[in-house]
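Written below as structure tokens is the structure these notes are about.
Numbering of ligands and ligand atoms starts at 1, following listing order.
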Amino acid sequence: MWRSHELRPSYDVVIIGAGAHGLAAAYYLGQQHGIKNVALLDKNYLGAGASGRNTAILRSNYRTPEGIPFYDASLKLYECLSEELEWNLMFSKRGHLTLAHSDSSVTGLRVRAENNQLLGVDSRIIYPEEIRALAPAMDLSPAAHYPVLAALYHPPGGIIRHDAVVWGYARACDRMGIQIHPFTEVTGIAVENRKVSGVQTARGFIQAGAVVNATAGWATTISRMAGVPLPIVTHPLQACVTEPLKPFLDPVIVSATLHVYLSQTDKGELVIGAEIDPYQSYSMKGTLPTLEQMATYTLELFPQLHGVRVLRQWAGVCDMTPDFAPIMGAASQVANFYMDVGWGTYGFKASPIAGKCMAELIATGRVPPLIEPFSPARFQNGRLVGEKAAAAVSH
Ligand code: PYC
């Protein structure tokens, strides 16, 4: 899939973080811009971070005029990615339902549906009769604790095999001669005359023409090494998977009110996710209270699942920004240092378009219009992108 290498003394671009974002940036640097003297460094195995820990949901039903076209472009890249990478990523476009349990949620989802439609994204409000047709196993009775009043239906949403995304990009990078270095921790970033010039790793020093921070939950620890502060805090996000069941659930189901979202994999397991942990931490372990919450809230929607066994539980760490939108662009404090961070709970869905835009920025020096709104400068000029209301995860 990809080869091991000695570190070269110097690379045109060093990408820290070999998850889906870092790999996608490397892939598009090579594929679109012919820049192949690129190293991807990761302190762990490929996909050990958020790329292998998310609940593999793809969607573009965001809320803001900045977020909607960006995630839509990502979904469109995902649609063609199996063919492009010659690797079956098992994208299963089964539709995505965000449930409303109160009148105010219905109003919020209606605004989202209208924003989506105005920007060409397929989303609409549906009511219990149509919800029942899409998810007949869900409890839609008016007597439920939190009756389902309506849902935002987003047919192009679905799930994908997240490890395959990592492996597919990694194989394609390797085929272009881009070097992937797992288990190569970055311990320092060299800055000379306000320019990043190289990276100190546990395997030695390497010079770099440009350095990209694509380290998700560890984003602040890396950017601090370059003297670049970030308005980011790291919170764990937990998920679990059950034993396989006969297929009974087609769409992805999300309830922010119940702090839960779930889907059934092609193998039959239920993948269930929680809200972010309410404290900052780098822990990637599951906790019993959150497991109890995930089970309780899932049973509110699917009471028939009592007795189903949970096979595994885990956490990933999320880089949360104040406005729930990412930070993408060049640092203003030091030259040659680029950030693809602040993804919070949305990062995996954005991997292809984030990588493509970062590659364009690094190769051409021009900021692609799609990522202009996510510039780090927005925290100085007050132009925040309020994407919180489009979260599947309640915060
Ligand atoms: O935004 O769809 C989402 C999501 C699901 C899990 C975490 N984020």
Ion pair Asp323/Arg378, N-O distance below 4.0 Å: yes
Proximal ligand 1 atoms for Tyr346, defined as those under 4.0 Å from one of its heavy atoms: 1 (O)
Thr345 N/O under 3.5 Å from ligand 1 N/O: yes
For atom 1 (O) of ligand 1, the protein heavy atom that lies nearest, with its residue and separation: Arg59 NH2, 2.6 Å
Protein heavy atom at shortest distance from atom 3 (C) of ligand 1: Lys349 CE, 3.1 Å
Glu372 with Arg383: basic N within carboxylate O range, under 4.0 Å: no
Carboxylate-amine/guanidinium proximity below 4.0 Å for Glu185 and Arg203: no
Sidechain N-carboxylate O distance under 4.0 Å for Glu130, Arg124: yes
